[in-house]
Each structure stands twice: as structure tokens, then as C-alpha cells.
Amino acid sequence: MKLFEKLRNKKKVVDDSPELKRGEFKKILLPLIAKHFPDFQFTYYKNQYYSFQRTRQIDDLKILESFDIRFSLKDKSCTCSVASRLNPFFVSGSGYNTGWINPHCDLITLKRGTGITPLEDAYYYHNGRVETTPKIIRQIISDIENYGVLFLDNQINNLSTNPLIIEGLRLLNSIDYDPAKLKTEIETEQNRNGHVITRLKHPVYLELKESLQKMEGIPRENRQEIPRLAYELIEIIILNK
């Protein structure tokens, strides 16, 4: 028996309603999302993922927020992830990110608050039928309301109040370096050092990182985020030139 069959049988729900036909999940999902999250727009469907997005503003900063719901009829499972991205390049990307300016997290992991979720608890299970599937969607909606929206609001607050982010963005705007040249040089160096951020020796990166490290009153745990923060700030330049 396949792994997903074992997992979904473990959580099997009695449901004798008709099986979903092609396209019916979308017809159920979109009206429910529109009702509960009217400011999120259905943006696209790709590789089993339905993406909903909205934009929020902090002064001149544009923050692109989204949640992506994956539905698999074959595996009888759903997943949902929540993202807040300052760098538009990563909008629609699938990779998770625990950094400060482009975080992207699994919703169940946010709900559990553990960082690691056992495989048997990592999915919303359904049976591919008309009665059960809306219940699963409502569970996802409830978790977005209780955990996903809080995650997005906390991120807005972090972007507004974190002194390292505020100063980093100020320094970023003062960088006088040709974006195309910076992109080429950073990519060349990263390819050479195995894409390990702490090995990056480009002067623009070092100057930005060292300027942030000189800031006073920053807790030690936040200082540990400076190398990645400096790199992700530079990515705003080199990935959107």
C-alpha cells in the first residue's frame, strides 16, 4: 500500500456522496475564499496549486501577500502555504523561506508552532467526494483566519519596526553600483563558493553586512540573521534589474 493510502485511511471519513468531477474543486473553493477573504484575488492555477494574492503598503514599500492551496484528487490530500514577500521576484515561487523579508511557510506548521511537522499530520485529508471536500476547505479557511492572517500581520509589523530591516532598506537605497554588474559579480562569486552566503566577499555585500553589524542595541539572536538579511536585500537589486 502506498504511503498516502496508509495516511488517508488512518483518517478515513464515512461519506457516500458523489465523487468530485474534474473542475468541481475550483467551483467549491473560489466562492468560499471570496466570501472569507474578499481582499485576496484568485491569481492563477498551476501544478495543482490555486494561488490567492493581495498587496499591502508600508509608506513606499509594497508587500505582496499570498496563500497557495494545493489540491490532489489522486492523493486525497490538500496543503496550504502562506507568504509575505518584499521582493517581487519571489512571488509565485514554491520554495519555503524563513528569512525576515520574504517569509513563506506551511500553514499546518504555523498552526502547530513546532517548525517540524510529522508526515502523517502534514496534510489536510479528503476523500474526493462532494460532501467531505467543502469541510476540508472550511478547515483550511479557519486555519488561515487563525494562523495565516496573524502571520501576515506580524510580518507587516516586523517590516515596520525591526531596526535592522529599516536601516538595511535605507542603506540599500544608497548603494551606488551598476545593478547589471552587481548581479553578474554576485552570481559568479556564489557559483564559485557553493552558494554559501557566509563565504560571499563582494564589497557591496560586506559593506551592507558590516554596517548592520555595527548597530547597537540589537539582540544576539537578531544579529545572527544579519548575513542572510544583507544578502536578501541585495537580491532585491540583482533579481529585479
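When reading the values below, keep in mind they use all heavy atoms of this one structure, side chains included, and skip hydrogens, waters and symmetry mates.
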### Query
Do Leu172 and Leu159 sit in the same hydrophobic cluster, where Ile, Leu, Val, Met, Phe, Trp and Tyr count as joined when their side-chain heavy atoms come under 4.5 Å apart?
yes
### Query
Sub-3.5 Å donor-acceptor pair from the side chain of Asn87 to the main-chain atoms of Phe90, do we have one?
no
### Task
For Ser17 and Glu131, indicate whether the former's side chain and the latter's backbone hold a donor-acceptor pair under 3.5 Å.
yes
### Query
Which residue, Glu185, Gln190, Glu189, forms the side-chain hydrogen bond (donor to acceptor under 3.5 Å, both in side chains) with His202?
Glu185
### Query
Closest approach of Gln155 and Ser84, non-hydrogen atoms and distance?
CG-OG, 3.2 Å
### Task
Would you please indicate if the ring centroids of Phe151 and His104 are separated by under 6.0 Å?
no
### Task
Go through the steps to decide whether Tyr96 and Ser81 satisfy the test side-chain contact (heavy atoms from CB on, under 4.5 Å), and finish with yes or no.
CA-CA 9 Å; Tyr96 288 145; Ser81 65; 3.8 Å; yes
### Message
Hydrophobic clusters here meaning ILVMFWY residues chained together by side-chain heavy-atom distances under 4.5 Å, can you tell me if Leu64 and Phe89 are in one?
### Response
no
### Message
Ignoring hydrogens, what is the shortest heavy-atom contact between Leu233 and Leu208? Give both atom names and the distance.
### Response
CB-CD2, 4.1 Å
### Non-hydrogen atoms of Thr188 and Thr184 that approach each other most closely
OG1-O, 2.8 Å
### Message
Regarding Asp75 and Tyr123, do their side chains bring together a donor and an acceptor under 3.5 Å, going by distance alone?
### Response
no
### Query
If you take all heavy atoms of Ser211 and Leu171, which pair is closest and at what distance?
CB-CD1, 3.6 Å
### Query
Take atom CD in Gln139; do more than 12 heavy atoms of anything else shown fall under 6.0 Å from it?
yes
### Query
Can any side-chain N or O of Asn162 pair as donor or acceptor with the backbone N or O of Asn158 at less than 3.5 Å?
no
### Query
Is the backbone of Gln41 close enough, under 3.5 Å, to the side chain of Thr43 for a donor and an acceptor to pair up by distance?
yes
### Task
Determine the minimum heavy-atom distance between Leu29 and Ile137, stating which atoms define it.
CD1-CG2, 3.8 Å
### Query
If you group Ile, Leu, Val, Met, Phe, Trp and Tyr by side-chain heavy-atom gaps below 4.5 Å, do Tyr147 and Leu150 land in one group?
no
### Message
Set out, in order, the CA-CA distance, both residues' side-chain angles and the distance that settles salt bridge (charged side-chain N to carboxylate O under 4.0 Å, His left out) for Lys21 and Glu24, then state yes or no.
### Response
CA-CA 6 Å; Lys21 296 179 181 178; Glu24 284 188 313; 5.8 Å; no
### Task
Using the side-chain contact (heavy atoms from CB on, under 4.5 Å) rule, take Asn102 and Glu232 through it: C-alpha gap first, then chi angles, then the decisive distance, then the call.
CA-CA 8 Å; Asn102 304 297; Glu232 290 194 337; 4.0 Å; yes
### Task
I would like to know whether Glu210 and Lys214 meet salt bridge (charged side-chain N to carboxylate O under 4.0 Å, His left out); could you show each step before the answer?
CA-CA 6 Å; Glu210 290 167 3; Lys214 290 177 182 176; 5.7 Å; no
### Task
Assess whether salt bridge (charged side-chain N to carboxylate O under 4.0 Å, His left out) is satisfied between Glu167 and Arg170, documenting all intermediate values.
CA-CA 5 Å; Glu167 178 64 6; Arg170 187 192 71 79; 2.7 Å; yes
### Query
For the rings on Phe37 and Phe67, is their centre-to-centre separation under 6.0 Å?
yes
### Query
Distance-only, no hydrogens or angles: does the His126 side chain make a donor-acceptor pair with backbone N or O of Ser77 under 3.5 Å?
yes
### Message
Under the criterion salt bridge (charged side-chain N to carboxylate O under 4.0 Å, His left out), I'd like the reasoning laid out for Arg56 against Asp153: C-alpha separation, chi angles, the key distance, then a yes or no.
### Response
CA-CA 10 Å; Arg56 286 204 278 181; Asp153 288 345; 2.9 Å; yes
### Steps toward side-chain contact (heavy atoms from CB on, under 4.5 Å) verdict (Tyr124, Thr79)
CA-CA 6 Å; Tyr124 297 91; Thr79 61; 5.6 Å; no
### Task
Output, in order, the C-alpha distance, side-chain angles, deciding distance and verdict of side-chain contact (heavy atoms from CB on, under 4.5 Å) for Lys26 and Phe71.
CA-CA 9 Å; Lys26 181 178 179 180; Phe71 174 78; over 6 Å; no
